[in-house]
Amino acid sequence: MIDIRQVRKDSDAVKRALARRGIDPSEVDRLVELDRRARAATGTRDELRSSVKALSRQVGEARRAGQTEEAQALSERSRALGDEERTAHLLADEARDVVRRTLLYLPNLPAGDAPDGRGPEDNVITRTWPDSPPSYSASQRVPHWEIGIALGLLDMERGAKLSGSMFPLYRGFGARLLRALTTFALDRHATAFEEIRPPSLVLTDTMVSTGHLPKFEEEAYHLERDDLWAIPTAEVPLTSMWRGDILDESELPVRLMAATACFRRESGAAGRDTRGLLRVHEFDKVELFAYVTPDQAPEVLHELVDRAESLLRELGLQYRVLDLCAGDMGNAAARTFDLEVYAPGADQWLEVSSVSWCSDYQARRANIRYRPASGSGPVFVHTLNGSALAWARIWAALVETGRRADGSVELPEALAPYLRGETVIPVPQGAVRREER
RNA sequence: GGAGGGAUGCGAGAGUGGCCGAAUCGGACGGUCUCGAAAACCGUUGUGCCCCCUGGGUACCGUGGGUUCGAAUCCCACUCCCUCCGCCA
């Protein structure tokens, strides 16, 4: 969440920043007023408590001095104040709660250098790779859901049979490819990042810390009986690893990576991009994550983008980098770069990575701080996260890009060590060769 | 699932009703000493809120309730950790 003190001190700047994300300035005015009331209520409560405490002390003293009547009188006054305190306490708690809830629903302030804009159409394409767009042959213009069936790699129907639509089921070489991609990526980052295998189900607090709750409850799978949430990204558990802790500046940056399944209800996206792997409820992803000092943030942000990009280059996939505009960034982000690969068969750009700098928005929610080397009081860390990469869509792009005239698929050399050297997915014996378009 | 023990400041850990925001040790930071360092000694060292803001006040001892004039301390519930038993990939 954003800093309530900043809201108090410089509400105009906060209004301007949030307006870039489409938040009405009156929301901020309302928050300022709620905060004012909450602080007043807390003050009243504190004063009452202090009086009760002082009177109680006198009761004790009077008792010890043997002044029973005096003690009795003081005790009665204290009791009356105590009743008042109870009410004041309730009011103060309620007022603070309203402020916190309001704060939890507000998105992060966008970074000054994030482009202006209202939605996806205003994102800025900062670079593309390779420099000149490759040309694709007819054999590459076959969508992965068809290739998947022809080569026995993907069985969406049986996935749906088990779990409903948009739950993919990979088979044979298709399943192996997915596993190879995860290992490939983890190996590439292993020198700089500690590998974590976090739980896939997390507590409500863990989801609130990243900003996925309470606002986006509809997007997540929830196990009601145990009040646990299926993680939409490894960013969620990784952010909470040091929840409530104070780190030492010398420990920063903390760099973590995790391969996990990611679960998304995609509730608002019914009917969109439903073919094949374009949009699925469960997918595997390698996530990079860092806790840093504010000074370290810009450098690490670019490092994460670089790492995701270099994987794409090794995989030989055409891609572009988008600098997301203020209106299109995720709730917690101050700055976001999206990486999209081109899938020639589906003829679409697919988002395969989103790298975000969340400033102290998540750290404040999760209460993660560090003690600066200067010895001053603890300050909130900054968090950064980035996919490197989301494999379902990479899988789709690889299979389409690598498809050859004979229907087989050639995979990049970089994956050879992870596929026992087999970089060609063969056409099964006896398969009916698909008519070329 | 059953039985028992526990949760206190940066860490360890004392504190069983008022004199406790909290002993002690350790860490970190500052100082004395030193050519420098170590050792030793001295000092400082949680967070939020409020105010008449070089200072003062107040709240916070896992979370939420309760008892009491008064709770870190007593009672209840919950969460988490540890030990033992049961079950189990």
Side-chain angles (χ1 to χ4, degrees), chain A residues 1-9 31-104 197-209 223-229 237 240-252 254 291 293 360 363-381:
Chain A
M1 58 194 149
I2 58 175
D3 186 357
I4 186 65
R5 274 176 293 193
Q6 191 188 354
V7 176
R8 231 178 260 154
K9 226 173 53 204
L31 178 60
V32 168
E33 175 57 18
L34 289 172
D35 172 58
R36 197 193 55 73
R37 278 188 225 163
R39 282 187 297 156
T42 304
T44 306
R45 185 203 62 183
D46 283 359
E47 273 170 39
L48 282 166
R49 274 195 184 172
S50 141
S51 312
V52 169
K53 205 173 168 178
L55 278 172
S56 297
R57 204 169 293 139
Q58 291 173 38
V59 172
E61 281 161 15
R63 283 257 169 85
R64 262 191 305 280
Q67 302 162 322
T68 321
E69 273 177 39
E70 175 75 5
Q72 188 64 29
L74 286 165
S75 174
E76 267 159 36
R77 274 173 61 201
S78 180
R79 179 200 284 274
L81 275 178
D83 289 340
E84 273 188 64
E85 190 272 344
R86 215 173 297 257
T87 314
H89 171 61
L90 282 174
L91 288 174
D93 274 5
E94 210 177 285
R96 282 161 166 271
D97 213 54
V98 171
V99 171
R100 184 174 164 78
R101 272 207 307 274
T102 307
L103 230 32
L104 281 177
R197 178 46 255 234
S200 306
L201 301 177
V202 297
L203 301 170
T204 297
D205 277 350
T206 307
M207 288 284 280
V208 169
S209 292
L223 280 71
E224 227 168 90
R225 189 187 175 98
D226 299 288
D227 196 16
L228 288 168
W229 302 81
S240 281
M241 272 183 71
W242 275 274
R243 169 148 46 89
D245 288 341
I246 299 177
L247 296 152
D248 202 82
E249 179 167 356
S250 62
E251 298 174 68
L252 299 174
V254 172
Y291 295 105
T293 67
D360 59 2
R364 187 168 278 113
R365 291 169 88 105
N367 195 25
I368 305 163
R369 293 167 294 174
Y370 74 96
R371 214 172 278 288
S374 64
S376 54
V379 298
F380 289 111
V381 301

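Treat the numbers as computed from the prediction; the structure is a model and nothing was measured. Order of the sequence lines fixes the chain letters, A, B, ..., with proteins taken first and strands second; residue numbering starts at 1 for each chain.
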Please classify the nucleic acid contact of A:R63 as base, sugar-phosphate, or nothing, using heavy-atom distances under 4.0 Å.
base

In Å, rounded to the nearest 0.5 Å, how long is the span from CZ of A:R49 to OG1 of A:T42?
10.0 Å

For A:D227 and B:C78, what is the distance between atoms CG and P respectively, to the nearest whole Å?
16 Å

Heavy-atom contacts under 4.0 Å between residues 46-56 of chain A and RNA chain B, which residues?
A:D46, A:R49, A:S50, A:V52, A:K53, A:S56

Separation of B:G48 atom C1' from A:D93 atom CG, nearest Å, is 14 Å

Assign each of A:R64 and A:A40 the nucleotide of RNA chain B bearing its closest heavy atom; nearer the 5' end lies the nucleotide of A:R64

Heavy atoms of other groups near A:R8 CZ, more than 12 under 6.0 Å:
yes

Integer-rounded Å distance: B:G46 P and A:R369 CZ:
12 Å

Nearest heavy atoms of A:R369 and A:N367, plus distance in Å
NE-OD1, 3.4 Å

Whole angstroms only, please: what is the CD-P distance between A:Q58 and B:C69?
16 Å

d(CD1, A:I4; P, B:C50) in whole Å
10 Å

Please state how far atom CZ in A:R79 lies from atom C1' in B:U67, giving the value in whole angstrom units.
11 Å

Candidates A:W242, A:F380, A:Y370 - the one meeting ring pair (Phe, Tyr, Trp, His ring centres under 6.0 Å) with A:Y291
A:W242

Whole angstrom is fine here: how far is it from CZ in A:R8 over to C1' in B:C50?
10 Å

Would you mind reading off the distance between A:L81 atom CG and B:U68 atom P, rounded to a whole angstrom?
17 Å

Any-strand Watson-Crick or G-U partner of B:A89, both distances under 3.5 Å
none

Would you say CD of A:E33 has more than 12 non-hydrogen atoms from neighbouring residues, nucleotides or ligands within 6.0 angstrom?
yes

Less than 4.0 Å between a side-chain N and a carboxylate O, is that true for A:D35 and A:R39?
yes

